[in-house]
Amino acid sequence: QVQLVESGGGLVQAGGSLRLSCAASGGTFSSYAMGWFRQAPGKEREFVAAISWSAGSTYYADSVKGRFTISRDNAKNTVYLQMNCLKPEDTAVYYCAAGPMYGALRHRGTYDYWGQGTQVTVSS
């Protein structure tokens with residue numbers, strides 16, 4: 001069983017930056033692909049970014065490409081999401097998720113474990 005705990009959310013002005021972290025425990029972190037998803041009020045949870053188990057491949061939603069960067073440190077069992085040039089439409093609860101080494105990493109059904117989420121609010 002893998003436990004995931006997100007941190008780093010908060011309130012930021014448009015154009016600002018935040019760095020989210022997701023610390024994993026209870027499993028072999030380096031054997032999991034990791035993803036970030038977000039859910040705004042009244043909307044479905046949507047894919048933001050994903051990274052393969054080896055960090056050799058990264059994937060991004062079109063809406064965040066060029067602004068967000070996903071990375072991981074397997075020695076620290078942590079995955080990060082650096083968010084720059086934030087926009088009000090980025091406001092959401094952000095969740096990290098762990099999934100199998102190989103899978104459709106843009107799809108939430110791929111992931112086996114989820115964190116509780118961290119709120120990101122971007123003011124205009």
Side-chain angles (χ1 to χ4, degrees):
Q1 190 78 6
V2 176
Q3 291 82 44
L4 302 171
V5 179
E6 303 96 335
S7 61
L11 173 63
V12 64
Q13 288 188 330
S17 298
L18 283 174
R19 187 196 196 201
L20 305 184
S21 300
C22 173
S25 61
T28 304
F29 181 73
S30 60
S31 68
Y32 290 96
M34 299 297 296
W36 285 97
F37 288 73
R38 67 187 182 186
Q39 188 166 16
K43 295 187 177 181
E44 291 196 354
R45 194 170 298 188
E46 65 175 3
F47 170 75
V48 175
I51 188 167
S52 64
W53 63 275
S54 65
S57 298
T58 56
Y59 310 86
Y60 296 94
D62 288 343
S63 59
V64 307
K65 199 173 295 183
R67 300 187 297 122
F68 291 10
T69 303
I70 188 170
S71 61
R72 67 188 295 163
D73 185 338
N74 285 348
K76 295 183 178 180
N77 291 355
T78 302
V79 63
Y80 305 97
L81 186 68
Q82 178 66 45
M83 306 186 295
N84 298 329
C85 301
L86 282 161
K87 304 175 181 180
E89 51 263 44
D90 295 318
T91 295
V93 177
Y94 283 70
Y95 299 88
C96 73
M101 273 186 177
Y102 303 103
L105 297 185
R106 295 177 182 271
H107 298 279
R108 60 186 183 186
T110 296
Y111 295 86
D112 301 310
Y113 304 102
W114 292 83
Q116 293 300 305
T118 185
Q119 176 71 47
V120 171
T121 303
V122 184
S123 63
S124 57

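As the structure is a prediction and not an experimental result, all values here were calculated from the model.
- Here the shortest heavy-atom pairing between T78 and A23 reads OG1-CA, 4.2 Å.
- In terms of modelled atom types and a separation under 3.5 Å, the side chain of S21 and the main chain of S7 share no donor-acceptor contact.
- What you find for K65 and Y60 is that their closest heavy atoms are CE-O, 3.9 Å.
- A distance of 10.0 Å separates CD in E89 from OG in S124, rounded to the nearest 0.5 Å.
- Closest heavy-atom contact between A50 and Y111: CB-OH, 3.5 Å.
- Residues S25 and N77 form no side-chain contact, since every pair of their non-hydrogen atoms from C-beta on lies 4.5 Å or further apart.
- Of the possible donor and acceptor atoms, one in the side chain of E6 sits under 3.5 Å from a partner among the backbone N and O of Q116.
- In this structure, R72 contributes its side chain and S52 its backbone to a donor-acceptor pair below 3.5 Å.
- The hydrophobic cluster containing V12 also contains V64, counting ILVMFWY residues as joined when their side-chain heavy atoms lie under 4.5 angstrom apart, directly or transitively.
- Counted within 6.0 Å of CD on E46, heavy atoms from surrounding residues, nucleotides or ligands total more than 12; the atom is thus considered enclosed.
- A continuous path of Ile, Leu, Val, Met, Phe, Trp and Tyr side chains, each step under 4.5 Å between heavy atoms, connects V2 with I51, placing both in one hydrophobic cluster.
- Among all heavy-atom pairs drawn from W36 and I70, the shortest one is CD1-CD1, 3.5 Å.
- Taking the ring centre of Y59 as origin, the terminal cationic atom of R106 falls outside the region bounded by 6.0 Å and 45° from the ring axis.
- Side-chain atoms of T110 and P100, non-hydrogen and from C-beta on, do get closer than 4.5 Å to each other.
- Screening residues 45-81 for disulfide bond (SG atoms under 2.5 Å apart) gives no qualifying pairs among residues at least two apart or on separate chains.
- When hydrophobic clusters are built by joining Ile, Leu, Val, Met, Phe, Trp and Tyr residues whose side-chain heavy atoms come closer than 4.5 Å, directly or via intermediates, F37 is not grouped with M34.
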What's the verdict on salt bridge (Lys or Arg N to Asp or Glu O under 4.0 Å) for K87 and D90, showing C-alpha distance, side-chain angles and the deciding distance?
-> CA-CA 5 Å; K87 304 175 181 180; D90 295 318; over 6 Å; no

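- Below 30°, between 30° and 60°, or above 60°: for F68 and Y94 the angle between ring planes is between 30° and 60°, a tilted geometry.
- In the hydrophobic clustering of ILVMFWY residues, with side-chain heavy atoms under 4.5 Å counting as a link, V122 and L81 come out together.
- Residue pairs satisfying the disulfide bond (SG atoms under 2.5 Å apart) criterion with at least one member in residues 42-87, sequence neighbours excluded, are absent.
- In plain terms, the two heavy atoms of A33 and L105 that are nearest each other are CB-CD2, 3.6 Å.
- With Y95 as the aromatic partner, R108 does not meet the cation-pi criteria of under 6.0 angstrom to the ring centre and within 45 degrees of the ring axis.
- Note that OG1 of T91 is 7.5 Å distant from CD of Q119, once rounded to the nearest 0.5 Å.
- Taking 4.5 Å as the limit, every side-chain heavy atom of K76 sits out of range of all side-chain heavy atoms of F29.
- Looking at heavy atoms from C-beta onward, R38 lies out of side-chain contact with V120 at the 4.5 angstrom threshold.
- T28 and S31 get closest at one heavy-atom pair: O-OG, 2.7 Å.
- By the 4.5 Å heavy-atom criterion applied to side chains, M83 and L20 are counted as neighbours.
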